[in-house]
Amino acid sequence: MHPVFKHWLSVWLVSQAVFNPLAAQAAELLNVSYDVTREFYKEFNPSFIQYWKAQTGETLTINQSHGGSSKQARAVVDGLEADVITMNRAADIDMLADKAKLIPANWQSRLPNQSVYSASPTVFLVRKGNPRNINDWDDLIKPGVAVIIPNPKTSGNGKYSYLGAWGSVLQKGGDAAKAKQFVSELFKHVPVLDAGGRGATTTFAQRGLGDVLLTFENEVALIQQEFGADQFEVVIPPLTILAENPIALVDKVVDKKGTRKQAQAYLEFHFSPQGQAIAAKHALRPQLIQAPPSAFKKINAFTVKQVFGNWHEVENVHFVEGGVFDQIIIK
Amino acid sequence: MQGTQFQQYHGKVASKRATSEPTWVRWGLIGITVAFLGLFLLVPLAAVFTEALRKGWSVYLAAITEADALSAMKLTLIASLVAVPLNLVFGVAAAWAITKFEFRGKNFLITLIDLPFAVSPVIAGLIFVLIFGLQGWFGEWLIDHDLKVVFAVPGIVLATIFVTFPFVARELIPLMQAQGKEEEEAALVLGASGWKMLWHVTLPNVKWGLIYGVILTNARAMGEFGAVSVVSGHIRGLTNTMPLHVEILYNEYNYAAAFAVASLLTLLALVTLVLKTYVEWQASRDAASIEKEVTA
C-alpha cells in the first residue's frame, strides 16, 4: 500500500472511531414540514428539547426542512429520511403509505383527534383600506382583481384555496358545473403560481403583486407581524375552508435510526397543553384546548371531509395529471 | 517607405470613417450601452450590498457567522472541492482525446460532454433522485447497505459535478484544436513518453485556457441552485448550500441576512471576474511574446 494512502486511511479510521460514538449518543430528529410552520417550530422545538432533557436527560437535536407540502412529501417518498412529517393535509401523509409503504395506512388513528393537532382556515389578505372591496369569494373574480394563490399542484395551501373556492359555490347551492366555472374564472385572475405558501406571501407582501392573497390564517398573522399591521387587512369570508394539520412519525425511518421513542414523544408533545398553547400563540387553532375567545375570530368553515368526502377522491378528480385543475389552467 | 506612408494615410481615413456618424448618434449609442449595463448589472450589484448592510455591520457579521450559514459555506466548499478537481482531470482527458486522436464515436462524445449544458438543472437533479431515490433503481440496495446519496452530501456533490461537467473540456477543445498536433508529434519523434508529452508539451500550451476553465467550473459549482435544490432535502445546517441558504433566509423574512450571504456569493463572482481578466491578459501576453519570437 502506498504510504500516503495508508496515512489517509489511518486518519479516516481514527476519525470514524472518534466521531461515530458521539454521533450515536446525541439523537437527531428530522422534521419535514410545509412552508408556513417555520416560525411555529422555531419556538416549539426548543420547548420540546427542554422537556425531553428534563424527562430523560438526553439532549436532542431537531433538524427542520420546509417547502411546499406536496413537494416535501414527495421528497420523503424519494428517500429524505424524515423521522416525523408535519403537513397541512392528510393526503400528503397518505402518500407515504400508498407510494412508499413507509407508514401503515391507518396512521391517522395512532394519535388523538385523528392525528390533527391544529387547524387553520383559508382567509383573504387585502391591502390597507380594502381598496377593491373584497369581502367574499365572488369578489375575487371582479374585473381587474389580481389574486395571489400558491400552485395547487405543489402546495397544500394552494389546494385549500382551490377547494375553498369550489366548496363555497357548492355550499351556496351551486352544482359542480357552476363550481368549475367559478374556479376556472378565479384562476384567470391569478398572475403567478408560486410553488409554496411562503413564496406566495413574498410575491404579495414584498414584491407588491396582486390585490388579495389567499392563505392560511396563521400565515396572515405572521405577515402582519413582519410587515406591520397597518399595511394589510384580513378579510374572513362568510364561509371558508378549514385546513386540518396532521402529523405522523415515519415508521421505516425511525426503526432504522432507532429514534421511535423520541419521535413518538415529539408528536405527543404537539397535543400536550404546552404544545397546543404554542400553536395558539402562532395563530394555529388548537384542537385539544380551548383557546381564549379573543385569540381567534369566529368562523364558519367546512372541512374537506364535509364537502368532498376524502382526499383520495379530491386528488383523483381535481389534482391528478389531466384532472380538473389541469383542464382549468390549460383553458 | 512609401508603403508605410500609405498605410498611415489609409489608417487615418479608416479611423475617420469609423467615427463619421453625427455626435448625437455616437453618444446616443454609448449612452444606451452604459444605461443598459447600469440597469442590468450595476444596480442589482449595488442593491445586494445595500440590502445586506441595511441593518449595519453587526447584523451582517452575525448573519455570515451564524452556525447554519457556516455549515452552508462548508458544504458549498466541499461540493466545489470535489467537483473542480474531478472535472479538471476529466476535462483534460476528454479534450486531449478529442483533439489529438481520431476515433469512432468522437462526435457522440462531444455531444455527451455538452449534455449538462442542454439539460435544465432541475432535470439534472431529478435524474439523481430517479436513480438513487428510495423509489429509484438503486434505492433498495442503498438502504440495505445504509448508504445515503440523495438528500445528503453525496447527492449534492454529484449534482454539482454533473452541471459543471462541460466547462473545462469546452474551454480546452477549441484551443487545442487551433494548436494542432505538430508539437506532440515532434515530442513523440524525439522519444518522449506519453506522460512526459502531457506535462511538458500539451499542458504548458493550454495553461491559461485550463485555468480559465477551472475558474468557470468553480464559479458555477458554488453558485448552482436548481440541480442542488432538487437533491438537497433543504435540511437546515446539514444539506443547505449557500444559494439554498439564501433562499431559506429570504423565505423567513430575514432579508438582511439573506442579502448578507448573497453578498458573499456576489463577492465570489467579482473575484472570479478579476481572475478571469487576469488570466486573459496573461494569455494574450504569452501569445504576443510567442509571436515576437516567431517573427524575430
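So that the names make sense, note that chain A is the first sequence line, chain B the second, and so on, each numbered from 1.
- Of the two parts of A:K99, only the backbone, made up of N, CA, C and O, holds a non-hydrogen atom closer than 4.5 Å to a non-hydrogen atom of chain B.
- Heavy atoms of other residues, nucleotides or ligands lying less than 6.0 angstrom from CD of B:E140 number 12 at most.
- No more than 12 heavy atoms of other residues, nucleotides or ligands shown are found within 6.0 angstrom of NZ on B:K74.
- When the candidates A:K256, A:H66, A:E81 are compared by the number of heavy-atom contacts under 4.5 Å with chain B, A:E81 comes out ahead.
- Looking at A:E28, the atoms closer than 4.5 Å to chain B (heavy atoms on both sides) all sit in the side chain, from C-beta outward.
- Using a distance-only test at 3.5 Å, with no hydrogens or angles considered, no donor-acceptor pair links the side chain of B:R236 to the main chain of A:Q64.
- Contacts of B:L142 with chain A are absent, with no heavy-atom separation under 4.5 Å from either backbone or side chain.
- Counting heavy atoms from C-beta on, the side chains of B:Q135 and A:V77 come closer than 4.5 Å.
- No option in A:V32, A:L30, A:L80 other than A:L80 meets the side-chain contact (heavy atoms from CB on, under 4.5 Å) test with B:F151.
- Sparse packing is recorded around NZ of A:K281, with 12 or fewer heavy atoms of other residues, nucleotides or ligands lying under 6.0 Å away.
- Put simply, the side chain of B:V150 does not reach to within 4.5 Å of the side chain of A:D78, judged on heavy atoms.
- Ranking B:E252, B:E247, B:K148 against chain A, the residue ahead of the rest is B:E252, based on heavy-atom pairs under 4.5 Å.
- Annotation for B:G233 and A:S65: closest pair O-OG, 2.5 Å, computed over non-hydrogen atoms.
- Interface residue B:L238: only side-chain heavy atoms are found under 4.5 Å from chain A.
- Remark: the B:Y253 side chain and the A:Q206 side chain contain no N/O donor-acceptor pair separated by less than 3.5 Å.
- Across all non-hydrogen atoms, the minimal contact from A:V76 to B:L134 is O-CD2, 4.4 Å.
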